[in-house]
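Worth saying up front: this structure is predicted, and the values here are computed from it rather than measured.
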Amino acid sequence: MLAASNTSPLLNLSIIDRLDLLRYQFEKVVIPSAVLEELMPGKDYPDKLAIQKAIEDNWISVVEPANQNLVKALMFDLDRGESNAIALALQLEIETVLMDERDGRAKARNFGLKPTGILGILLRAKSDGKILSLKSEIDVLRKNAGFFIADSLEKAILSEAGEA
């Protein structure tokens with residue numbers, strides 16, 4: 001199964017040293033160069049190494065979306081990474097797009113794509129026995145990545161994972 005990705009899921013999973021969960025769930029993740037630029041800022045972040053290794057191992061690959069008119073149209077409502085990721089998913093006929101931001105997920109759905117975010121990835125990992133505690137992963141996300149999750153959403157997802 002393939003997935004196209006925006007920056008947030010890759011960056012946050014890398015920060016908490018859980019990029020392996022993506023490799024388990026998807027045979028390949030494609031990203032546009034706009035996302036690569038957001039993932040690889042000038043500063044040398046430790047989590048950057050895991051992303052570089054994934055690119056070297058070719059399970060994350062960089063592909064430029066051909067339809068730049070679509071990218072530009074999407075950028076009226078979304079940021080550069082989200083716009084490029086959606087255009088790339090459509091171009092490559094990839095159903096799953098990894099994206100956390102609400103507006104981007106809504107726009108992806110409008111195009112018939114199936115967005116999933118970091119919480120969906122963690123929930124699936126919990127269901128598949130790849131992580132022991134969804135709550136502890138969420139806590140690490142908050143602490144190390146500054147990830148925001150509304151209390152009501154956290155309760156709902158923990159309930160779904162059987163951790164309520």
Side-chain angles (χ1 to χ4, degrees), residues 1-32 34-36 38-39 47-48 50-51 53-55 57 59-63 65 74 77-164:
M1 181 179 199
L2 300 176
S5 187
N6 184 33
T7 306
S8 176
L10 293 173
L11 181 61
N12 287 319
L13 285 169
S14 180
I15 287 171
I16 66 167
D17 198 26
R18 286 308 211 162
L19 208 54
D20 62 305
L21 297 177
L22 279 182
R23 190 166 195 183
Y24 166 74
Q25 293 179 23
F26 302 99
E27 72 183 69
K28 186 167 221 148
V29 175
V30 294
I31 60 172
V35 167
L36 180 63
E38 292 175 359
L39 288 169
D47 46 275
K48 193 168 150 178
I51 294 168
K53 176 87 168 98
I55 292 169
D57 291 345
W59 69 267
I60 293 180
S61 62
V62 181
V63 178
L74 288 168
D77 299 315
L78 306 175
D79 75 17
R80 188 169 167 244
E82 292 165 339
S83 299
N84 277 272
I86 289 172
L88 185 58
L90 292 169
Q91 172 184 319
L92 299 177
E93 299 179 356
I94 295 173
E95 191 174 76
T96 302
V97 63
L98 306 177
M99 191 170 291
D100 288 317
E101 297 77 7
R102 182 180 303 172
D103 291 344
R105 292 166 63 93
K107 188 67 80 173
R109 280 190 204 93
N110 289 343
F111 281 99
L113 300 172
K114 294 182 180 175
T116 190
I118 193 167
L119 297 175
I121 292 162
L122 291 173
L123 183 61
R124 184 173 174 190
K126 166 71 179 196
S127 174
D128 292 347
K130 296 295 180 186
I131 60 173
L132 298 176
S133 167
L134 183 58
K135 172 71 172 140
S136 65
E137 297 294 336
I138 290 171
D139 290 344
V140 171
L141 262 174
R142 277 190 174 121
K143 180 181 176 206
N144 295 355
F147 190 82
F148 174 78
I149 177 173
D151 290 339
S152 59
L153 178 57
E154 181 177 2
K155 286 179 187 176
I157 199 162
L158 290 176
S159 176
E160 191 174 339
E163 293 186 29

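Asp57 contributes no side-chain N or O that, together with a main-chain N or O of Trp59, makes up a donor-acceptor pair within less than 3.5 Å.
Between the CG atom in Leu36 and the CD1 atom in Ile55 there is a gap of 5.0 Å [rounded to 0.5 Å]. One finds the CG atom of Leu134 at 11.0 Å from the OG atom of Ser159 (value rounded to the nearest 0.5 Å). One distance of note links CD1 of Ile149 with CG of Leu119; it measures 4.5 Å at 0.5 Å rounding. To the nearest 0.5 Å, the span separating OG on Ser152 from CD1 on Ile157 amounts to 11.5 Å.
Counting only heavy atoms from C-beta outward, the side chains of Leu19 and Leu10 approach each other to under 4.5 Å. By the 4.5 Å heavy-atom criterion applied to side chains, Asn6 and Leu98 are not counted as neighbours. Side chains of Leu74 and Phe111 form a contact here, defined as non-hydrogen atoms less than 4.5 Å apart. Between Ile60 and Leu22, every side-chain heavy-atom pair lies at or beyond the 4.5 Å cut-off. Val35 has its side chain out of reach of Val62: every pair of non-hydrogen atoms, C-beta onward, lies at least 4.5 Å apart. By the 4.5 Å heavy-atom criterion applied to side chains, Leu2 and Leu92 are not counted as neighbours.
A salt bridge (charged side-chain N to carboxylate O under 4.0 Å, His left out) check over residues 2-15, counting only residues at least two apart or in different chains, returns nothing. Applying the side chain to side chain donor-acceptor pair (under 3.5 Å) definition to pairs two or more places apart or across chains, those involving residues 138-149 are Lys135-Asp139, Arg142-Glu154. Residue pairs meeting the salt bridge (charged side-chain N to carboxylate O under 4.0 Å, His left out) criterion with at least one member in residues 86-104, sequence neighbours excluded, are Glu95-Lys114. Note on residues 8-22: pairs passing salt bridge (charged side-chain N to carboxylate O under 4.0 Å, His left out), not counting sequence neighbours, are Arg18-Asp20, Arg18-Glu137. Listed by first and then second residue, the salt bridge (charged side-chain N to carboxylate O under 4.0 Å, His left out) pairs that reach into residues 82-92 come to none, sequence neighbours excluded.
Not counting sequence neighbours, Arg105 has no partner by the salt bridge (Lys or Arg N to Asp or Glu O under 4.0 Å) test. Evaluation of the side chain to side chain donor-acceptor pair (under 3.5 Å) rule for Asn12 yields Ser8 as partners, not counting sequence neighbours. Every residue was checked against the side chain to side chain donor-acceptor pair (under 3.5 Å) condition with Ser61, not counting sequence neighbours, and none meets it. For Asn110, there are no side chain to side chain donor-acceptor pair (under 3.5 Å) partners two or more places apart in sequence or in a different chain. Under the side-chain contact (heavy atoms from CB on, under 4.5 Å) criterion, Ala108 pairs with Ile86, Val97, Leu113, Pro115, sequence neighbours left out. In this structure, the side chain to side chain donor-acceptor pair (under 3.5 Å) partners of Thr7, at least two apart in sequence or on a different chain, are Glu38.
Minimum interatomic distance between Ala85 and Pro32 (heavy atoms only, all atoms of both residues): N-CG, 3.8 Å. Considering every non-hydrogen atom in both Ile31 and Ser5, the closest pair reads CG2-O, 3.7 Å. Met99 approaches Pro9 most closely through the heavy-atom pair N-CG, 3.7 Å. For the residue pair Thr116 and Ile121, the shortest heavy atom distance occurs at OG1-N, 4.2 Å.
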Side-chain donor-acceptor contacts of residues 123-132 below 3.5 Å, not counting sequence neighbours, with atom names and distances?
from, atom 1, to, atom 2, distance (Å)
Lys126, NZ, Leu132, O, 2.8
Lys126, NZ, Glu163, OE2, 3.1
Asp128, OD2, Tyr24, OH, 3.4

